[in-house]
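Each ligand, and each atom within it, is numbered from 1 in the order the structure gives.
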Amino acid sequence: MPQTPMPTDPLIQIRDLQTHFFTDDGVVKAVDGVDLDIHANRTLCILGESGCGKSIMARSILRIVDAPGRIVEGSILYRNAHGGSVDLATARPGSRQLREIRGQDIAMIFQEPMSSLGPIQKIGRQITETIMLHRKVTKAEAREIAIDLLDRVGIPRPAERFEAYPFELSGGMRQRAMIAMALSCQPRLLIADEPTTALDVTTQAQILDLIAELKEELQMGVMLITHDLGVVAEVAEEVAVMYMGKVVERGDVFSIFEAPQHPYTRALLASVPRMGQGRRDRLPAIRGMVPHPLARPAGCAFRARCDHAMPGICDARQPALKPVGRTEAACFLHHKEALHD
Ligand code: SF4
């Protein structure tokens with residue numbers, strides 16, 4: 001697990017972010033009061049089961065949440081290269097400022113490559129156009145950079161693939177081409193949403209290495225969304241665990257793995273196979289299911305699945321994130337006194 005010194009000013013400072021979806025059946029609080037910082041040259045992994053709000057939180061940063069969702073509260077302060085700051089949560093959608101930040105300063109890698117790649121333009125042309133838009137290079141230099149990037153994301157015969165259309169590539173190769181395109185503009189912040197889930201382990205390792213290399217080289221901040229604890233252990237410096245739209249625990253990667261405090265984090269870590277474990281040993285699964293988003297329970301949202309739930313306490317109020325041990329966790333096991341705040 002890598003460790004880089006923590007810089008002082010965060011690149012992104014998220015405070016009380018709330019992104020809700022207004023459906024005919026009710027309001028879904030997909031992101032429900034998230035506080036997070038992302039620093040330059042650091043990788044923050046967002047961990048959680050599907051539907052916990054991690055992807056919507058990432059899309060909120062870029063202001064690309066689809067209707068009927070919208071940010072209803074909170075701020076996303078982005079510190080630009082000149083030291084100024086912009087609140088992305090309140091920036092006018094479609095504004096030039098937002099478009100420039102999105103295209104140049106912050107890049108996102110999606111699970112689905114065709115959400116970034118144009119279907120009727122050759123891969124090479126799409127990447128060189130991005131490079132030339134953001135870097136002072138000639139067309140020939142941009143071509144060289146693009147082919148090198150295609151090579152670095154593990155595309156065989158990159159010069160040949162440079163001339164291919166997206167539909168001529170396999171799904172995995174399209175995914176890698178999209179990653180090459182996102183990295184080609186040398187963003188200050190890279191948001192990667194399950195970027196390697198569909199790829200084989202060798203390519204996955206290659207891409208995670210490339211992201212780590214560029215992070216150091218460009219002092220790039222990385223927010224990586226994943227449900228894969230192996231990936232977290234490999235690349236994260238900081239970890240935030242989300243459950244039903246809230247961060248329930250956060251801390252540096254060592255503390256999260258060695259001394260997790262929230263019952264949900266402990267259950268997630270316990271459900272991963274370990275070296276030396278007998279083949280007949282059954283892995284403990286987290287019992288129950290994530291509640292329906294429209295049927296959010298009162299109090300702690302994890303209580304129906306929690307072995308430590310305390311009647312009269314955990315169903316009375318929502319626990320807030322507070323320091324405990326080496327991390328911060330939102331759990332009354334550690335903060336019963338918070339009930340009397
Ligand atoms: Fe379990 Fe209560 Fe802690 Fe929620 S607040 S995780 S129900 S002990």
The reported gap from CZ in F254 to CD in E238 (rounded to nearest 0.5 angstrom) is 12.0 Å

Nearest protein heavy-atom contact for atom 3 (Fe) of ligand 1: which residue, which atom, what distance? C331 SG, 2.3 Å

Quick one: does H262 get within less than 4.0 Å of ligand 1, heavy atoms only? yes

Is a donor from one side chain sitting under 3.5 angstrom from an acceptor on the other, for E249 and T327? yes

Would you say that more than 12 heavy atoms from the other residues, nucleotides or ligands in this model lie under 6.0 Å from the CD of E144, or not? no

Does E141 form a salt bridge (charged side-chain N to carboxylate O under 4.0 Å, His left out) with R135? I'd like the steps, not just the answer. CA-CA 10 Å; E141 286 165 339; R135 294 158 73 173; over 6 Å; no

Restricting to heavy atoms, the pick from C314, P297, P311 nearest atom 2 (Fe) of ligand 1 would be C314

Which atoms of ligand 1 are found less than 4.0 Å from any heavy atom of R303? 7 (S)

Atom 2 (Fe) of ligand 1 reached by C306 (N, O or S, under 2.8 Å): no

Return the orientation label for the H262 and F302 ring planes: parallel under 30°, perpendicular over 60°, tilted otherwise. tilted

Going by the order shown, which atoms of ligand 1 are within less than 4.0 Å of some heavy atom of L333? 8 (S)

What is the nearest protein non-hydrogen atom to atom 5 (S) of ligand 1, stated with its residue, atom name and distance? F332 N, 3.3 Å

When you measure from the centre of the six-membered ring of Y264, is the NZ or CZ of R305 closer than 6.0 Å and no more than 45° off the axis? no

Dump the intermediate steps for side chain to side chain contact (heavy atoms under 4.5 Å, CB included) on R92 and L98, then the final yes or no. CA-CA 7 Å; R92 197 165 49 79; L98 204 52; over 6 Å; no

Which of the numbered atoms in ligand 1 are below 4.0 angstrom from a heavy atom of P263? 6 (S)

Top protein contact for atom 4 (Fe) of ligand 1, by heavy-atom distance: C300 SG, 2.4 Å

